[in-house]
Asker: 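Structure provided below as structure tokens; questions to follow.
Because the structure is predicted, anything quoted here is derived from the model rather than measured.
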2 protein chains.
Amino acid sequence: MSQSVNTLLRLRELILNGEVRPGERVSELSVSDRIGASRTPVRAALMRLADEGLLESLPGGGFAVRSFTERDIRDAIEVRGTLEGLTARIAAEHGVAEGTLADLRDTIARIDDLLGDDRGVEATFAEYVVLNEQFHTLLAEAADSPILAQSLGRAAALPFASPSGFLQAQSVLPEARLILTLAQEQHRAVVEAIANREGARAEALMREHARLARRNLELALRDRTILQHIPGGALIRRRQRT
Amino acid sequence: MSQSVNTLLRLRELILNGEVRPGERVSELSVSDRIGASRTPVRAALMRLADEGLLESLPGGGFAVRSFTERDIRDAIEVRGTLEGLTARIAAEHGVAEGTLADLRDTIARIDDLLGDDRGVEATFAEYVVLNEQFHTLLAEAADSPILAQSLGRAAALPFASPSGFLQAQSVLPEARLILTLAQEQHRAVVEAIANREGARAEALMREHARLARRNLELALRDRTILQHIPGGALIRRRQRT
DNA sequence: TGTATCCTTTATGTATACATACCATGCAGC
DNA sequence: GCTGCATGGTATGTATACATAAAGGATACA
């Protein structure tokens, strides 16, 4: 593995783990010392992470870990949901290969199996996160649009905008299973709308799906909890210490 | 001006001018020789342009000028229009300072003046492009959302997705004046919807505005014309040689 | 004691040297 | 004549040296 990629991955992990705090300056040299690469690949990684939105470039040069407000998080969901709505509509309008539809339906079916699993939601949750991520990835591929994939990829790169992030957040809610089932119904409806070439309906359903994610965030925020990055770019709810 | 910025601007211009053709490989050394900077700032510029979408990174390393299909262009309009719709909605929902509304209305009024100008559309077109760009910029600022601005900025960075690009394209259409007037009505309606805190209506109007841009593109494509980059990231229609 | 200035330190920006990998070309052998 | 291997050139990846600018601290003067 190249030093650039290695540095990128490790530095991203450090940020998401909170080992470098929001607002904190990230100098090339400090990363260079910590990771063990020279300044050149470190610089590449810093620029890349700034593009992703995890770092912000300072006026005088250099970078700092970006801090996000609740408003930012809400907006990130809106953006992602809106673009996923467009993705669904374009997929429906252009038509999707039968194989892709089969993959989507298969993913949904495997989630159904997981929901019926004896072990319960908590035990199977990690698998659910992977499968859900797969569903969203398949949907993005179904639209078969590099331009859209680029925009959506950037929007989803924000840690709290990813499905896995929100599913993690949902996992500890009492009504987790209900929410997962609701999401399943939405997934199913979107796929059928795409199969039936109903663009407007597919878009509306996908945006409704995003509204669910937003509602869950509202719950998490209202319940006196704090949001914290965890590895993989997800969020967890944790009761705030008094 | 730093070498990095200088290299970025000049290289972007070279690409938009078509002096390096789509698909052509852009090596660090060739740019370094051409611009006069060392490989380090050139590399930074290349990575940046790849993020923008003007270059694509090759599997074996290095970069090439990205080529866009008609489908890509259509999708870019959709993405931009969709995100601008979200921008309008968020601005309406959160409320906009009276000063910003005044700025928006003032921009519209100045465009009205231009439309009533004796010199005609052709002569005043350059000013119109600037003012229209300003309108869209003000709208993005009105939403006051860094996250949304980031996504929208990326989507609008694609040369043919910018309002100026499409206005250039519209300029040579027979019905240019009609289209400009229609856009004015849409601009006005969006601003009033935002002022009245009608989020859904603001979003719908903005998306309709994007539909106009798309329709103009369809006209350009159907009329056996080719699309070509010109400096400033715009498109021009030019009758295809037989 | 406070403020201003200068110096030192540390950061980034830049250039370049070096290593490595890939591709193309040429030569030799079959 | 074709194929395979070797060699060279050119590309990127990486490391590092050097320049410059900004920030912080210390010292001197008011």
Asker: Can you measure B:Asp33 atom CG to D:dT10 atom C1' for me and round it to whole angstrom units?
Answerer: 13 Å
Asker: Is the phosphate of C:dT14 approached by A:Arg39 (side-chain N or O, under 4.0 Å from OP1 or OP2)?
Answerer: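 It does not, given that no N or O in the side chain of A:Arg39 lies less than 4.0 Å from OP1 or OP2 of C:dT14.
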Asker: Is the base of C:dA15 touched by the side chain of B:Thr40 through a donor-acceptor pair closer than 3.5 angstrom?
Answerer: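 Indeed, a donor on one side and an acceptor on the other fall under 3.5 Å apart.
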Asker: Is A:Arg105 paired with A:Glu98 through a side-chain N to carboxylate O contact shorter than 4.0 Å?
Answerer: yes
Asker: Work out which heavy atom in B:Leu114 is nearest to a heavy atom in B:Tyr128; give both atom names and the distance.
Answerer: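 Smallest interatomic distance, heavy atoms only, reads CD2-N, 3.4 Å.
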Asker: With respect to the phosphate group of C:dG13, does any side-chain polar atom (N or O) of A:Arg43 fall under 4.0 Å of OP1 or OP2?
Answerer: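 Checking C:dG13 against A:Arg43, a side-chain N or O does come within under 4.0 Å of OP1 or OP2.
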Asker: Once you round it to whole Å, what is the distance between P of D:dG13 and CG of B:Leu58?
Answerer: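 The distance from CG of B:Leu58 to P of D:dG13 comes to 10 Å, rounded to the nearest Å.
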Asker: Could I get the full list of salt bridge (charged side-chain N to carboxylate O under 4.0 Å, His left out) partners for B:Glu141, not counting sequence neighbours?
Answerer: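 Residues passing salt bridge (charged side-chain N to carboxylate O under 4.0 Å, His left out) with B:Glu141: none at all.
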Asker: Choosing from D:dT14, D:dG13, C:dT12, which nucleotide comes nearest the side chain of A:Arg25?
Answerer: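 Of D:dT14, D:dG13, C:dT12, C:dT12 is nearest to the side chain of A:Arg25.
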Asker: Could you state the CG-P distance from A:Leu8 to D:dT14, rounded to the nearest angstrom?
Answerer: 12 Å
Asker: Quick one: A:Leu29 CG to C:dT9 P, roughly how many Å, whole number?
Answerer: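 Distance check: A:Leu29 CG to C:dT9 P gives 15 Å.
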Asker: What's the CG-P distance between B:Asn6 and C:dA15, to the nearest Å?
Answerer: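 Roughly 11 Å, once rounded to whole Å.
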Asker: Crowded around B:Arg48 CZ? As in, over 12 foreign heavy atoms under 6.0 Å?
Answerer: no
Asker: Want to settle it: does B:Ser27 or A:Ser38 sit nearer the 5' end of DNA chain D, counting the closest nucleotide to each?
Answerer: B:Ser27
Asker: Rounded to whole angstrom units, what separation is found between the CD atom of A:Gln3 and the P atom of D:dA15?
Answerer: 5 Å
Asker: Taking for each residue the nucleotide of DNA chain C bearing the nearest heavy atom, is the 5' side occupied by B:Gly36 or by A:Leu46?
Answerer: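 The residue mapped nearer the 5' terminus is A:Leu46.
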Asker: When you check the gap from the basic side-chain N to the acidic O, do A:Glu52 and A:Arg12 get nearer than 4.0 Å?
Answerer: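 Looking at A:Glu52 and A:Arg12, the cut-off is met.
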Asker: Over how many whole Å does the gap from B:Glu28 atom CD to C:dA21 atom C1' extend?
Answerer: 14 Å
Asker: Would you indicate, yes or no, if C:dT14 has its OP1 or OP2 atom less than 4.0 angstrom from a side-chain nitrogen or oxygen of B:Ser4?
Answerer: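 B:Ser4 to C:dT14 OP1/OP2: side-chain N or O found under 4.0 Å.
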Asker: In whole angstroms, how far is the P atom of C:dT14 from the CE atom of A:Met47?
Answerer: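 So the two atoms are 11 Å apart, to the nearest Å.
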